[in-house]
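In what follows, a single structure is set out as structure tokens and then discussed.
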Amino acid sequence: MTVLKPKRTPNKPIDLSVVQDNINIIDKNETLATIIQDVLPLFVRANKLLILILLFLICSDILLLLYGIIDDNQRIVNSSVVISLIAATAAEISAIIITGMSKLK
């Protein structure tokens, strides 16, 4: 992280507005880092759980198809499920971004 140093000449005092701007930038960066540290592990755990559930459902589909219990058009995991998962992931990322930006105001 680069911190800007206020310009100072021998005859002029330090410009306090520049110092305050630097403090605000540092505070915002620390706040964003805290948000990321708090939210990212939750995001990772939720997605790992989602992948495990999806793998279980795919295995269930395969077993039910192999034993002839269901037909191909009765599968649990189809294109609609995949599209919904992609949309949910996009919504998750958007929520994290919105949360982070709202804390930086």
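Treat the numbers as computed from the prediction; the structure is a model and nothing was measured. Note that the numbering runs from 1 along the sequence shown for the chain.
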Acceptor/donor pairs from residues 58-68 side chains to any protein atom, 3.5 angstrom cut, sequence neighbours excluded:
{"from": "S60", "atom 1": "OG", "to": "F56", "atom 2": "O", "distance (Å)": "2.9"}
{"from": "D61", "atom 1": "OD1", "to": "I76", "atom 2": "N", "distance (Å)": "2.8"}
{"from": "D61", "atom 1": "OD2", "to": "I76", "atom 2": "N", "distance (Å)": "3.2"}
{"from": "D61", "atom 1": "OD2", "to": "V77", "atom 2": "N", "distance (Å)": "2.8"}

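- In the hydrophobic clustering (ILVMFWY side chains linked at under 4.5 Å, chained through shared members), L55 is joined by I51.
- V82 shares a hydrophobic cluster with I86; the chain of contacts runs through ILVMFWY side chains whose heavy atoms sit under 4.5 Å apart.
- Residues N47 and E92 approach most closely at OD1-OE1, 3.1 Å, considering heavy atoms.
- Under the salt bridge (charged side-chain N to carboxylate O under 4.0 Å, His left out) criterion, D71 pairs with no residue at all, not counting sequence neighbours.
- The side-chain contact (heavy atoms from CB on, under 4.5 Å) test applied to I53 returns L49, L57, not counting sequence neighbours.
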